[in-house]
Amino acid sequence: MLPELDQIEQNALKALEPIQDEAGLESWRIAHLGRSAPLMLVFDQLGKLSKEERPVIGRRANEIKRALEAAFSARSEALRQLALQRTLQTERLDVTLPGRAFTIGRLHPTTSNMRSIIRVFADMGFQVYRSPEVETDEYNFGLLNMPPHHPARDMWATFYTNMPNVSLRPHTSPGQIHVMRAYAPEPIRAILPGMCYRYEQISARKETQFYQIEVLAVGENITLGDLKGTVSDLARRLFGPNMRTRFRAAYFPFTEPSAEYDFECLLCHGKGCAVCAWTGWLEIGGCGMVHPIVLQNGGYDPARFSGFAAGLGTERIMMLKHHIEDIRYFWANDMRFLDQF
Ligand code: FA5
C-alpha cells in the first residue's frame with residue numbers, strides 16, 4: 001500500500017503546480033484533502049488493515065496529509081504574492097511624492113464682522129429679519145415715501161434691471177416695510193442685514209456692492225433718545241467706552257427728523273485721511289424717526305405708534321476696527337488680504 005500512497009502524494013503535488021487562482025486552489029483542496037479524496041479513503045480503510053500494517057500505513061498517510069497541507073498553504077501564499085506584485089505594477093503609486101495639502105477654509109472677513117455686529121444687537125434684544133436683495137420699485141422707493149418721479153430717488157445710484165419696476169436694492173430700508181407688514185400691530189425690534197448694490201464711483205470708501213444692517217424699532221413710546229442711545233451704545237460695545245460718535249442733521253424721505261451718524265476715524269485719529277475724506281470722522285450710516293407715512297404703509301397707526309430706523313455700512317465699521325485703508329480689498333479676492341482674518 002505504501003507505493004500507492006507515494007503515488008497519491010505525487011499526483012496531488014503535480015496537480016498543485018500549475019494552479020494560478022483561488023478557484024483552482026479550492027478545487028484542488030476538495031479533490032486532494034476533501035472527504036472523498038484518495039488519501040482520505042486510505043484513512044477510512046485503516047481499520048481493515050492488519051495490526052502490523054496499520055501503524056506503518058497510518059504514519060505515512062498522516063505524513064502525506066501534512067505535506068499536502070503545507071504545499072497547499074505555500075501555493076496559496078505564492079499566489080497571494082503574485083497577485084500583489086501584479087497590483088503593484090498595474091496600480092503604481094509613487095510613495096515618495098508629498099501628499100496634497102488640504103487648504104482649510106474660513107469665514108470671509110465680512111461674514112465674521114457681520115456676525116460680531118449682529119451679536120451686539122442680539123445682546124440689545126434685536127432679532128434678525130431677512131429681506132430680498134431684488135426689490136420692486138414700490139418697496140425700494142414708493143412705500144418709503146418716494147412716489148415715482150420724487151427727486152430723492154436720485155440719492156441712490158440704483159442698478160435697474162430690464163424687467164420693468166425691478167431693481168437691485170440700493171439699501172436695506174425696503175426691508176422695513178417687509179418686517180412691519182409681517183409683524184403689525186406687534187412692537188418690533190429687528191435688524192435686517194444684507195447686501196446692497198449701487199452704481200457708484202468706486203473709491204477707498206465706496207464700492208458697488210456692500211453690506212448694510214437696517215435697524216428698526218417700532219412701539220408705543222419710541223423716541224429719538226432711544227435711537228441715539230442704541231447707535232452710541234453700538235459704537236461703545238464694538239470699540240470700547242471711549243469711542244466717540246456724532247450725529248449730523250440730514251434728510252431722508254422715510255424718516256423725520258433724519259440724521260447721519262459718524263464714528264471717530266480710528267485710521268487717522270482725527271488727523272484726516274482718504275477713508276474719512278479728510279474730516280476725521282467716518283460716516284457709518286443714516287437714521288431717523290420712522291416717517292408717519294412709512295409707519296402707515298407698514299400697517300401701524302402713526303397716532304399710536306412711533307419708531308426709529310437706521311442703516312449702517314458694516315464694511316466701514318470693519319475698516320475702522322482693523323485699520324483697512326481701502327474698501328476695495330473686501331471683494332478683490334486677494335488671499336494676501338483675506339488670509340489676515
Ligand atoms: C441709506 O442707505 C439709508 N437707507 C439709511 C437710513 C436707514 C436712513 C434708515 C434712515 C433710516 P446712505 O445712502 O447714507 O443711507 O447709506 C448708509 C450707509 O451705507 C453709509 O453711511 C455707508 O456706511 C454705507 N454705504 C453707502 N454707500 C456705500 C458704498 N457705495 N460703499 C460702501 N458703503 C456704503
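When a ligand or atom number is given, it counts from 1 through the structure's own listing order.
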Does [X] have a heavy atom less than 4.0 Å from any atom of ligand 1?
X	value
Gln209	no
Ser258	no
Gln212	yes

- Message: Please determine whether residues Tyr197 and Ile213 belong to a single hydrophobic cluster, defined as Ile, Leu, Val, Met, Phe, Trp and Tyr linked transitively by side-chain heavy-atom distances below 4.5 Å.
- Response: yes
- Message: Quick check on the hydrophobic clustering: are Ile284 and Leu192 connected, directly or via other members, by side-chain heavy-atom contacts under 4.5 Å?
- Response: no
Taking [atom] as the reference point, the nearest protein heavy atom with its distance:
atom	value
atom 7 (C) of ligand 1	Gly311 N, 3.2 Å
atom 9 (C) of ligand 1	Glu214 OE2, 3.2 Å
atom 21 (O) of ligand 1	Glu283 OE2, 2.6 Å
atom 6 (C) of ligand 1	Gly286 O, 3.5 Å
atom 1 (C) of ligand 1	Trp156 NE1, 3.7 Å
atom 26 (C) of ligand 1	Arg198 NH1, 3.5 Å
atom 24 (C) of ligand 1	Gly313 CA, 3.7 Å

- Task: Determine whether the side chain, the backbone, both or neither of Ile284 has a heavy atom under 4.0 Å from any heavy atom of ligand 1.
- Result: backbone
- Task: Kindly indicate, with the supporting measurements, whether the criterion side-chain contact (heavy atoms from CB on, under 4.5 Å) is fulfilled by Trp156 and Glu200.
- Result: CA-CA 9 Å; Trp156 290 274; Glu200 288 282 17; over 6 Å; no
- Query: Is there a side-chain contact between Phe121 and Gln127, using heavy atoms and a 4.5 Å cut-off?
  - Reply: no
